[in-house]
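Notes for the one structure printed next.
Keep in mind that what you see is a predicted model, and the values were worked out from it rather than measured. For the single chain, residues carry numbers from 1 onward in sequence order. Order of listing sets the numbers, starting from 1, for every ligand and every atom in it.
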Amino acid sequence: MKVAVCINHVPDTETKIKVGADNVSIDRAGVNFMMSPYDEIAVEEGLRMRDKFKGEVIAISLGNEKHKETLRKALAMGVDKAVLLKEDGERDSFGVAAGLAEELRALAPDVILFGKQSIDHDDAQVGILVAEMLGLPSVGVAVKIEITDDTVVCHREIEGGHETVHTKLPAVFLAQKGLNEPRYPSLKGIMAAKSKPIEEKPAVATAARVETVALRKPAAKAAGRILGTDKTAVPELIRLLHDEAKII
Ligand SMILES: Cc1cc2nc3c(=O)[nH]c(=O)nc-3n(C[C@H](O)[C@H](O)[C@H](O)COP(=O)(O)OP(=O)(O)OC[C@H]3O[C@@H](n4cnc5c(N)ncnc54)[C@H](O)[C@@H]3O)c2cc1C
């Protein structure tokens, strides 16, 4: 079985984001980057499929030189190959999907895994766009993927429950929390990953369809109000919750 996993290199969730001087991108100074958490789940699922059905797992990332850090982590977790589709600028989701689809068309994997969303722009578009571009079925928010020959039973999360869908390989799956518990790279894996090659090629060019015209932080929250310190404040609290906050 050939499994491809698409992984993104994103700002660490602990990062305090600052808007850059151009007002359309973030200030990257001092920002730590990491593999997007849902993509770790996708990598783990790919490794489990490879171990069960034999074959190979290929990790692909589209971005600048720094994306190699995330590809190295995937290699340390156990993927067989890593491919960097080089792009020094910032692409919109369509541009990322077009670059990935071109590479995936040539690779022709049985299974293509994505995270359900990337935690930088949170657009949750790339996986579905790639599936459409390749004319493949896709299942989003996957929490269980059971493969028998070329038939797949997949459980996906929906509001308040799970939906069971059936499809055939080749297909695209978008990993959700709960699909598995991603492994930590072992020391042996980290050492081995340092010497594994990362294949590099330019990402196929596409025109942007979305332009970021401004980036700004949310307005600062208003300071809290203290209405009183004993039960005499309760009527006013109820009035404010009802009339102003409109939550009761
Ligand atoms: C700080 C910062 C730096 C950036 N640097 C670059 C850059 O150097 N080059 C560039 O082209 N864009 C760059 N971008 C744009 C970035 O890659 C976006 O994430 C991209 O537009 C994907 O949109 P999304 O986050 O909404 O993905 P979603 O649609 O939410 O992602 C869904 C899934 O698609 C896959 N995926 C998403 N993006 C990629 C990717 N780039 N490679 C492989 N798989 C992916 C992952 O499996 C992910 O879980 C940067 C963005 C930020 C915030």
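- In terms of protein heavy atoms, atom 43 (C) of ligand 1 is closest to I7 O, 3.1 Å.
- Looking at atom 12 (N) of ligand 1, its nearest protein heavy atom turns out to be R91 N, 3.4 Å.
- The proximity of V126 to ligand 1, defined as any non-hydrogen pair under 4.0 Å, involves the side chain as well as the backbone.
- Using cut-offs of 30° and 60° for the angle between ring planes, the H9 and H67 rings count as tilted.
- The CD atom of Q117 lies 10.0 Å from the CG atom of D39; values are rounded to the nearest 0.5 Å.
- Every atom of ligand 1 is numbered from 1 in the order shown, and the set under 4.0 Å from a heavy atom of N64 is 8 (O).
- Interatomic distance, F173 CZ to T167 OG1, rounded to the nearest 0.5 Å: 6.5 Å.
- For ligand 1 and I60, the ligand atoms under 4.0 Å from any heavy atom of the residue are 43 (C).
- Remark: ligand 1 atoms within the under-4.0 Å shell around heavy atoms of S118 are 24 (P), 25 (O), 27 (O), 28 (P), 30 (O), 31 (O), 32 (C), 48 (C), 49 (O).
- Looking only at protein heavy atoms, the nearest one to atom 42 (N) of ligand 1 is L62 N, 2.9 Å.
- Evaluated by nearest non-hydrogen atom to atom 9 (N) of ligand 1, the leading choice among G89, A124, P11 is G89.
- Both the backbone and the side chain of F114 come within 4.0 Å of ligand 1, judged by heavy-atom distances.
- Contacts between K66 and ligand 1 below 4.0 angstrom, taking non-hydrogen atoms only, are absent altogether.
- At a heavy-atom cutoff of 4.0 Å, ligand 1 is contacted by no atom of L113, backbone or side chain.
- Near G63, with a cut-off below 4.0 Å to any heavy atom, the atoms of ligand 1 are 9 (N).
- For the ligand labelled ligand 1, residue S36 lies outside the 4.0 Å heavy-atom shell.
- Interface atoms of ligand 1 facing E87, defined by a heavy-atom separation under 4.0 Å, are 7 (C), 8 (O), 9 (N), 10 (C), 11 (O).
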